[in-house]
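Notes to accompany the following structure.
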2 protein chains.
Amino acid sequence: MLHTDSAKLLETKTGWKQNPEAVRMDIIKIATAEFAQNGLSGARVNEIAAKTKTSKRMIYYYFGDKDGLYQQVLIEAYREVREGERELDLEHLEPLPALKKLVEFTFEHHRRNPDFIRLVMIENIHHGDYLKHSPLIQTLNQPVIERLERIYARGLEQQLFRAGITALELHWQISALSFFNVSNEATFTLSFGKQLFTKAGQASLKKQVVEMILRFTLRPALIEQYLSHPQA
Amino acid sequence: MLHTDSAKLLETKTGWKQNPEAVRMDIIKIATAEFAQNGLSGARVNEIAAKTKTSKRMIYYYFGDKDGLYQQVLIEAYREVREGERELDLEHLEPLPALKKLVEFTFEHHRRNPDFIRLVMIENIHHGDYLKHSPLIQTLNQPVIERLERIYARGLEQQLFRAGITALELHWQISALSFFNVSNEATFTLSFGKQLFTKAGQASLKKQVVEMILRFTLRPALIEQYLSHPQA
DNA sequence: TATAATTTGTACCATTTGGTTCATTTGGTC
DNA sequence: GACCAAATGAACCAAATGGTACAAATTATA
C-alpha cells in the first residue's frame, strides 16, 4: 500500500530497481517542511516518517539520526535557493538597473521561499551549530558578493555610485531588509497591524527598499535625476 | 537548603512572609534565558526548575503549564525592552540629530538584548501564536511609531526631510537593519566570515545603517551638506 | 489554639520520542 | 537457481518529558 505511489517514482530504470536518490529526496522534501514548520526539536521523526513514502527505518538508514537529517535538509535548502539566484543575469545591464533588479529579486526571492527563511532562522537559534560542520556554505555564498562587487565597481567607474561602500556591507543591508520582511511578519503584524503585509503594503515596501539602497549608493547629485518622484 | 538564598528575597515584609511576586520573577528570569537559548520545545521544564530557587511544582502552580510560562516570559521581555526605550528623550533635539540618535540607539539596544531578539525569533517561528493571545503588545509598541512620527513631521516642517515617507515604514526599516544584525549573526558569519561582527565591523555597520536611514530621509540636496564624508 | 487557605516538596506516572533489533524482501550476479 | 549485498518493514525499547497526586508546612484568621 505504501508502495502504490512510490513505485512510479522508483521504476525509472528496468522493472522495480531501487532508486535511493529518489527516496532520499522524498525524505528531505518532507523533512524540510516539517523542520521549517516546527524547528529542530519541535519536529518529530515519527511525523516526518509518516508523511514520507517510505518508513522511519529508512530515515535512519540514510541519515543516521535526526541531527543528520536536519543537517542535510539545511544544506539542500541553501543549495536550492542559491541555485535559483544563479539564473539572474546582471552583467549585461547598466550598474543602476542591475542593482535595482538585484534588490527587487532578492526581496521577492525571500518572500517566495519562506521555508528557507524559517530554516535559516532556526539555524540561527542554534547558533549555526549544524552549518558549522559543512564547509560547503562559504563556497555556496561567495558568488553573491562577487556579483555585487562587479556591479559596484562598474558604477564607480561610471561615477554613478559614491565611493566608500563595500559590497559585503551592501549585501548585508539588502539581505537584512529582505529577510526581516519574511522572518518577522508575525510579530510585526501583531505589534503594528497588517498594513505592510497586504499586497499593496508589500509592493510599497519593496519600492521603498529599492529606493533605500539606491539612495544609499548613488552619488547625491544624481538622486533626483535618476529616481522618479511622482508626488513631489 | 533551597531556602538559604530565597529566604533573603522573601522576607521583605515581617518574618517569613511568602512573596509570590519574587518567586514568579525568579522563575521568569531563568525561563527567559532557557527559552531564548533552546526555543519553546527545546527548553526543558525540569531544567528551568532545577536552575530556579524554587521547584517545578511552583512553575505549574504559577503558570499552569509550559506554554503559559513561555507566554509570560514573552510578555515580560517585551515590556522590559520597551521600558528601556522610554528613557530616550528625542523631543528636545532637532529632527536630524533626533533621527540619528534613534537609529543608533535602536541598533545598540538590539545588540545589547540578544535574548529578547532570540525570543522574538522563536515567537515568529511559532507564527506569533502565543503573542496573539495578549492584546497588550499593540499598546506596548504604539509609542515607538508615534515618536518617530513626531520627528518626521518636524523634519518635514523644516524642509529637511523629503515627503512621501511613512513613519511605519521607516520604523520597519530601522528595525529590519537592527534586528537582522543580531538575529542572523551566526549564519552570516558562516557564510561570509566574521568581518562585520568584530568591534570595528559593528562600528562601521552602525555608521552605515545610520547613513542609510538619513540618506533615505533627507532631501537629496541637503545630503552633502549634512553628512560628513571623510575620505572623498 | 482550632481551622481554613495558601504555598511548597517528594515521589510518581503516562505518554512521547528518538532510536534499534531482527527478520525479510529484492535485485543483481555467477 | 544459489548466493550475496543492498534495501525495507514491523514491532519494540529505554530514556526523557510534561504534568500530577498527595501530603506537609506555613500563614492568616476567628
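Just so you know, these numbers come straight off a predicted model, no measurement behind them.
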Sequence-aligned protein contact record of nucleotides 14-19 of chain D, with B where the base is within under 4.0 Å of a protein heavy atom and S where only the sugar-phosphate is: ---SBB
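- Residues forming a ring pair (Phe, Tyr, Trp, His ring centres under 6.0 Å) with Tyr60(A) (at least two apart in sequence, or on another chain): none.
- Among residues two or more places apart in sequence or in another chain, the salt bridge (Lys or Arg N to Asp or Glu O under 4.0 Å) test is passed with Glu87(A) by none.
- Residues that satisfy the ring pair (Phe, Tyr, Trp, His ring centres under 6.0 Å) test with Phe116(A), not counting sequence neighbours, are Tyr78(A).
- Considering only side-chain N and O atoms, Ser55(B) lies nowhere under 4.0 angstrom from the phosphate OP1 or OP2 of dT8(C).
- Regarding Met58(A), its CE atom lies at a distance of 12 Å from the P atom of dA10(D), rounded to whole Å.
- Residue Glu47(A) contributes atom CD, which lies 11 Å from atom P of dG18(C) at whole-angstrom precision.
- Note: CZ (Arg57(B)) to P (dC12(C)) measures 17 Å, nearest angstrom.
- Computed from coordinates, the Ile59(A) CD1 to dG18(C) P distance equals 10 Å when rounded to whole Å.
- Shown here are the salt bridge (Lys or Arg N to Asp or Glu O under 4.0 Å) partners of Lys56(B), two or more places apart in sequence or in another chain: there are none.
- Salt-bridge check for Lys29(B) with Glu80(B): failed, with every basic side-chain N at 4.0 Å or more from each acidic carboxylate O.
- In this structure Ser204(A) satisfies the side-chain contact (heavy atoms from CB on, under 4.5 Å) test together with Gln208(A), Glu169(B), sequence neighbours excluded.
- Across dG9(D), dT7(C), dA7(D), the shortest atom-to-atom separation from the side chain of Tyr61(A) is found for dA7(D).
- Residue Lys53(A) contributes atom NZ, which lies 13 Å from atom P of dT8(D) at whole-angstrom precision.
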